[in-house]
There are 2 protein chains.
Amino acid sequence: MDLDEATTRLLDAAEHEFYGRGIHTVGMDTIRARSGVSLKRLYQCFPSKENLVEAYLARRDERWRRSLADHVERHARTPDEAPLAVFDWLHEWFGEDGFRGCAFINSFGELGATSPRVAAVDRAHKDALREYLRGLTAALDVADPDALADQLLTLVEGATVIAAMSGEPTAAHPARNAAETLLAAALRPLR
Amino acid sequence: MDLDEATTRLLDAAEHEFYGRGIHTVGMDTIRARSGVSLKRLYQCFPSKENLVEAYLARRDERWRRSLADHVERHARTPDEAPLAVFDWLHEWFGEDGFRGCAFINSFGELGATSPRVAAVDRAHKDALREYLRGLTAALDVADPDALADQLLTLVEGATVIAAMSGEPTAAHPARNAAETLLAAALRPLR
DNA sequence: TGGTGCGGAGAACCAACGTTCTCTAGCCTA
DNA sequence: TAGGCTAGAGAACGTTGGTTCTCCGCACCA
């Protein structure tokens with residue numbers, strides 16, 4: 001097995017275990033067992049657990065945002081539809097097997113106070129998401145697109161937390177309805 | 001020191017440490033040191049760490065909800081103002097020293113997958129909060145108070161997460177503005 | 001064919017932690 | 001004052017986990 005494949009398998013194992021059960025809960029030996037990569041190789045690829053955690057989060061960040069953007073691009077036929085497509089994607093995500101909330105919220109709660117590097121990756125993810133939403137609202141004819149984006153971001157985070165804790169994918173519905181109302185209000189402010 | 005005082009001091013120490021730094025990060029010896037209660041007494045009051053965590057969360061749940069309800073009661077002069085008062089209280093909370101997000105979201109992310117008892121306390125807190133918001137919206141002249149309550153809940157959770165990760169108490173503003181719009185739309189649905 | 005270096009399995013090491021045990025000092029009671 | 005109960009300080013115990021080390025087999029090369 002070459003380095004690239006080992007790295008991929010390690011990241012796959014890390015994502016499955018860390019996301020599914022928490023970071024402190026999962027030991028390096030579990031990662032080794034699940035990935036089939038020897039401990040020696042593991043520490044060649046990632047010189048410490050914190051390193052592996054960072055890498056797992058970074059890869060997940062990219063994939064997650066790409067998946068969201070792809071869905072919105074495919075399903076929104078006009079800029080007005082884009083924000084709502086975000087919540088449709090959330091609903092699908094909430095229903096996936098093994099859904100356990102936002103990896104970045106979870107790792108921030110667990111490690112944010114003790115690992116500045118993990119905290120930084122978590123914040124970078126949220127900044128990127130806000131930036132993405134700002135891109136969507138900037139294409140709309142509204143008075144304050146950034147303010148609208150921040151409202152949508154609030155709904156996205158809220159829905160994710162509620163879905164995680166309740167286990168109900170339908171947590172996306174109130175968020176979507178709220179987004180619809182906010183969008184309509186922003187688009188027709190004076191009517 | 002009698003049992004009651006020991007219990008209080010232990011819960012104070014647990015709240016400070018667990019909330020501030022995470023649960024796995026903090027050892028029982030840290031609790032002992034901060035509380036000034038001997039290990040023997042500690043294990044008399046709480047026969048295991050999980051016990052202590054549960055008790056800390058239960059006490060925090062009560063205090064947190066009472067504080068919120070008190071503020072709303074004191075500041076909302078009409079039922080219409082009550083939902084917005086919730087967000088004013090959030091803003092104050094977000095600005096407190098040592099604010100680090102919602103203890104229940106954090107502990108759920110850290111232990112939800114491994115400790116069913118902690119998960120249950122976390123869910124109970126969220127259920128109680130939803131119930132509280134339903135009480136507020138039930139007093140309004142709106143078509144679907146429960147739906148409005150779920151929208152508000154989404155905003156509350158979202159604002160809390162964003163405030164925690166960004167460190168910005170102003171995360172309450174988009175949530176409050178959104179609540180205002182949603183409230184207005186629900187109160188005057190046909191205009 | 002004999003040596004050499006690489007990779008894997010797993011033991012080993014060390015620290016941290018949850019929990020229990022021991023020892024001692026003080027205090028209450030007879 | 002003597003005896004025993006209590007509580008605290010801290011050692012001890014067993015486990016776990018992050019990280020490193022050892023040993024062995026195997027492929028490659030002179």
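Chain naming here is simple, since letters A, B, ... match the order of the sequence lines and numbering starts at 1 in each. No hydrogens, no waters, no symmetry mates; every other heavy atom, side chains included, goes into these values.
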Output a table of nitrogen or oxygen pairs between the protein and nucleotides 8-10 of chain D separated by less than 3.5 Å.
from	atom 1	to	atom 2	distance (Å)
dG8(D)	OP2	S38(B)	OG	3.4
dG8(D)	O6	K40(B)	NZ	2.8

What are the atom names and distances for every N/O pair under 3.5 Å that joins the protein to nucleotides 13-17 of chain C?
none

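Among residue pairs with one or both ends in residues 104-125 of chain A, those qualifying as salt bridge (Lys or Arg N to Asp or Glu O under 4.0 Å) are E54(A)-R117(A); sequence neighbours excluded. Residue pairs meeting the side chain to side chain donor-acceptor pair (under 3.5 Å) criterion with at least one partner in residues 74-83 of chain A, sequence neighbours excluded, do not occur; the list is empty. Sorted by first and then second residue, the side chain to side chain donor-acceptor pair (under 3.5 Å) pairs with a member in residues 37-46 of chain A read R41(A)-Q44(A); sequence neighbours excluded. Applying the ring-ring contact (aromatic ring centres under 6.0 Å, His included) definition to pairs two or more places apart or across chains, those involving residues 112-150 of chain B are W64(B)-H125(B), F104(B)-H125(B). Applying the salt bridge (Lys or Arg N to Asp or Glu O under 4.0 Å) test to every pair with at least one member in residues 126-139 of chain B, sequence neighbours left out, gives these pairs: K126(B)-E157(B), R130(B)-D150(B), R134(B)-D146(B).
In this entry the distance linking CG of D29(A) with P of dG18(D) reads 9 Å, nearest Å. The interatomic distance linking L42(A) (CG) with dG18(D) (P) rounds to 10 Å, in whole Å. Straight-line distance from the CZ atom of F46(B) to the C1' atom of dT19(C): 16 Å, rounded to whole Å. Note: CD (E5(A)) to C1' (dG7(C)) measures 15 Å, nearest angstrom.
Contacts of R21(A) classified as salt bridge (charged side-chain N to carboxylate O under 4.0 Å, His left out), with partners at least two apart in sequence or in another chain: E17(A). The salt bridge (charged side-chain N to carboxylate O under 4.0 Å, His left out) test applied to E50(A) returns no partner, not counting sequence neighbours.
Donor-acceptor pairing under 3.5 Å is lacking for the side chains of W93(A) and S67(A).
In this structure, M165(A) shares a hydrophobic cluster with I105(A), F108(A), V161(A), I105(B), F108(B), V161(B), M165(B), the cluster being traced through Ile, Leu, Val, Met, Phe, Trp and Tyr side chains under 4.5 angstrom apart.
Of the residues in residues 51-59 of chain A, none has a non-hydrogen atom less than 4.0 angstrom from any atom of DNA chain C.
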I'd like a table of donor-acceptor pairs (distance under 3.5 Å, sequence neighbours excluded) in which one partner is a side-chain atom from residues 166-177 of chain B, with atom names and distances.
from	atom 1	to	atom 2	distance (Å)
S166(B)	OG	I162(B)	O	2.7
S166(B)	OG	E168(B)	N	3.1
R176(B)	NH1	D88(B)	OD1	2.7
R176(B)	NH1	D88(B)	OD2	2.9
N177(B)	ND2	H173(B)	O	3.4

